[in-house]
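Here the structure is laid out as structure tokens; the discussion comes afterwards.
Indexing begins at 1, ligand by ligand and atom by atom, following the structure's order.
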Amino acid sequence: MQLQKVGVIGAGTMGNGIAHVFARSGYSVTLCDVEQSLLARALDTITINLHREAHKKKISAEDNAAALKRITPVTDRSRLADCDFIVEAATEKFEIKTEIFRDLDRLARPEVILASNTSSISITKLGALTRRPEKVIGMHFFNPVPVMKLVEVIRGLATSQETFSETRNLALKLEKTPVEVNDAPGFVSNRVLMPLLNEAMYVVMEGVATAEAVDEVFKLGMAHPMGPLTLADFIGLDVCLDIMRVMLDGLGDPKYRPCPLLIRMVDAGWLGRKSGRGFYKY
Ligand code: 3HC
């Protein structure tokens, strides 16, 4: 079946980026979040980012305007009932995703694939919440979504080959490069990335070097576009902490213990770029 209408749940950083790339590739997008103000902010961000692409001549002014028109913001989740494919990009909490997946399973047509942009929660567990575990899959995008080429496509234990192929093809239509990964805490990306960021935080906490110095080491010595602490601020320190906890819990190895400085900063509300303060001030 030709997919035309895509639902995106969650209009935060990842959700608005996901809505952006689907709309840019010609899909109608129903973007759903709990509050009108969150949707308004997401549409502002998408408008700015699409203009940026038009300005850089990556898309034409007409395509830019058409892409924006393809996005319908809604607060009522039942409006996703006519979608052909749904991506969940809500807060990274299992209880929140539980409620969403049960509800989506009730309201979406039985053949519709339910994908999650989760950064570490088990796809197998999300699938088991539904009556269609073979149609539940991970579709993990990277921030900034319009720029980063990777989509990790994660197979849960029950995910069917048909669901995998359809999701993979969809990523290709978005001009992304899908990489196949099996379900395990943190998948590949965060399993490897987060311990690096966490260790960089230990280095700062122990006074081995400043955040600036650690970032310089990685930018100049390893050609990373952002140093690990700038990247942690960019991702969100609360997100980093949640992912470390999922990996510690799921893999049971103390090497995934979150850095105490990370916990303290999240407790203080220093969540990185989005809150104006993290390892740096914004
Ligand atoms: N939308 C559209 N275009 C954007 C954009 C956005 N949100 N953000 C940046 N761009 C474009 C710019 O217009 C620019 O285009 P150009 O190459 O045609 O000039 C290009 O991207 C580069 O941007 P800038 O020149 O403004 O800035 P930089 O060169 O410093 O690049 C960056 C910014 C792309 C964010 C780069 O620093 C980078 O790649 N950082 C690492 C990001 C990363 O690692 N992301 C993954 C995080 S992990 C994750 O998301 C998983 C989760 O589970 C935690």
Side-chain angles (χ1 to χ4, degrees), residues 10-25 41-59 63-64 67-68 71 87-93 97 115-123 138-154 174-177 179 181 183-198 200-201 215-216 218-220 222-247 256 258 262 266 271-274 278 280 282:
T13 310
M14 298 306 286
N16 78 56
I18 295 167
H20 174 141
V21 294
F22 273 107
R24 190 175 68 185
S25 293
R41 204 167 61 193
L43 283 180
D44 285 347
T45 305
I46 296 170
T47 306
I48 292 168
N49 287 333
L50 280 169
H51 274 130
R52 188 204 301 240
E53 290 176 323
H55 184 69
K56 296 264 167 82
K57 309 238 179 297
K58 289 179 190 163
I59 55 171
D63 287 349
N64 174 3
L68 260 181
I71 302 175
V87 187
E88 170 276 320
T91 308
E92 199 61 3
K93 294 271 184 280
K97 294 196 193 282
S116 177
N117 176 60
T118 178
S119 42
S120 58
I121 290 173
S122 163
I123 301 302
M139 195 178 195
H140 186 205
F141 291 84
F142 292 79
N143 186 18
V145 179
V147 179
M148 305 309 272
K149 286 282 171 210
L150 175 65
V151 175
E152 250 182 331
V153 182
I154 303 124
L174 301 177
E175 295 176 33
K176 302 289 180 197
T177 303
V179 173
V181 169
D183 194 17
F187 316 129
V188 171
S189 53
N190 284 321
R191 170 90 171 258
V192 179
L193 174 66
M194 285 300 158
L196 168 70
L197 307 193
N198 199 52
M201 295 171 197
D215 281 349
E216 285 292 89
F218 278 85
K219 279 199 301 185
L220 304 180
M222 291 88 186
H224 287 199
M226 285 174 165
L229 298 159
T230 304
L231 182 55
D233 276 358
F234 180 68
I235 291 170
L237 300 186
D238 51 338
V239 175
C240 295
L241 180 57
D242 283 342
I243 297 171
M244 287 306 293
R245 285 185 166 146
V246 168
M247 294 199 299
Y256 300 107
L262 172 63
V266 172
L271 306 182
R273 205 182 270 206
K274 64 186 164 194
Y280 298 93
Y282 299 91

Worksheet item: Is ligand 1 under 4.0 Å from a heavy atom in the side chain of Asn143, in the backbone, in both, or in neither?
Response: both

Fill in: Protein residue, atom and distance nearest to atom 36 (C) of ligand 1, heavy-atom basis
Pro225 CB, 4.1 Å

Discussion item. For atom 46 (C) of ligand 1, is there a protein heavy atom at a distance under 4.0 Å?
Written reply: yes

Item to complete: Could you tell me whether a side-chain N or O of Glu152 sits under 3.5 Å from a main-chain N or O of Ser189, the two making a donor and an acceptor?
Response: yes

Worksheet item: Hey, is atom 38 (C) of ligand 1 touched by any protein heavy atom at less than 4.0 Å?
Response: yes

Discussion item. Is atom 5 (C) of ligand 1 near the protein, in the sense that some protein heavy atom lies at less than 4.0 Å from it?
Written reply: yes

Worksheet item: If hydrogens are left out, which of Met148, His140, Met226 has an atom nearest to atom 52 (C) of ligand 1, that is, the closest non-hydrogen atom?
Response: His140

Worksheet item: Does any N or O in the side chain of Lys176 come within less than 3.5 Å of the main-chain N or O of Val145, such that one atom is a donor and the other an acceptor?
Response: yes

Worksheet item: Counting only heavy atoms on the protein side, is anything nearer than 4.0 Å to atom 30 (O) of ligand 1?
Response: no

Item to complete: For atom 23 (O) of ligand 1, decide whether some protein heavy-atom distance is shorter than 4.0 Å.
Response: no

Item to complete: Could you see which bit of His20 sits under 4.0 Å from ligand 1, with heavy atoms only: side chain, backbone, both or neither?
Response: neither

Worksheet item: Taking the inter-plane angle between the rings of Tyr280 and Tyr282 on a 0 to 90° scale, is it parallel (under 30°), tilted (30 to 60°) or perpendicular (over 60°)?
Response: perpendicular

Discussion item. Keeping Asn190 on the side-chain end and Ser119 on the backbone end, is there a donor-acceptor pair under 3.5 Å?
Written reply: yes

Worksheet item: With a 4.0 Å cut-off, strictly under, does atom 27 (O) of ligand 1 pick up any protein heavy atom?
Response: no

Worksheet item: Which protein non-hydrogen atom lies closest to atom 48 (S) of ligand 1, naming both residue and atom, and how far is it?
Response: Ile235 CD1, 3.7 Å

Worksheet item: Does even one non-hydrogen atom of Lys58 get within less than 4.0 Å of ligand 1?
Response: yes

Discussion item. On a heavy-atom basis, I'd like to know which of Arg52, His55, Met14 is closest to atom 8 (N) of ligand 1.
Written reply: Arg52

Worksheet item: So, are Glu53 and Lys56 salt-bridged, with charged N and O less than 4.0 Å apart?
Response: no

Worksheet item: Which residue supplies the protein heavy atom nearest to atom 2 (C) of ligand 1, what is that atom called, and how far is it?
Response: Pro146 CB, 3.6 Å

Worksheet item: Among protein heavy atoms, which lies nearest atom 21 (O) of ligand 1, and at what distance?
Response: Val147 CG2, 3.6 Å

Discussion item. Between Glu92 and Lys97, does any side-chain N to carboxylate O distance fall below 4.0 Å?
Written reply: yes

Discussion item. Looking only at side-chain N and O atoms, does Asp215 offer a donor or acceptor that is under 3.5 Å from a partner on Thr230?
Written reply: yes

Practice prompt. Mind checking whether Asn190 contacts ligand 1 via backbone (N, CA, C, O), side chain (CB onward), both or neither, at a 4.0 Å heavy-atom cut-off?
Written response: side chain

Discussion item. Is it the case that the side chain of His51 and the backbone of Thr47 share a donor-acceptor pair, with hydrogens and angles ignored and the cut-off at 3.5 Å?
Written reply: yes

Worksheet item: Between Arg24 and Asp63, is there a side-chain N and carboxylate O pair less than 4.0 Å apart?
Response: no

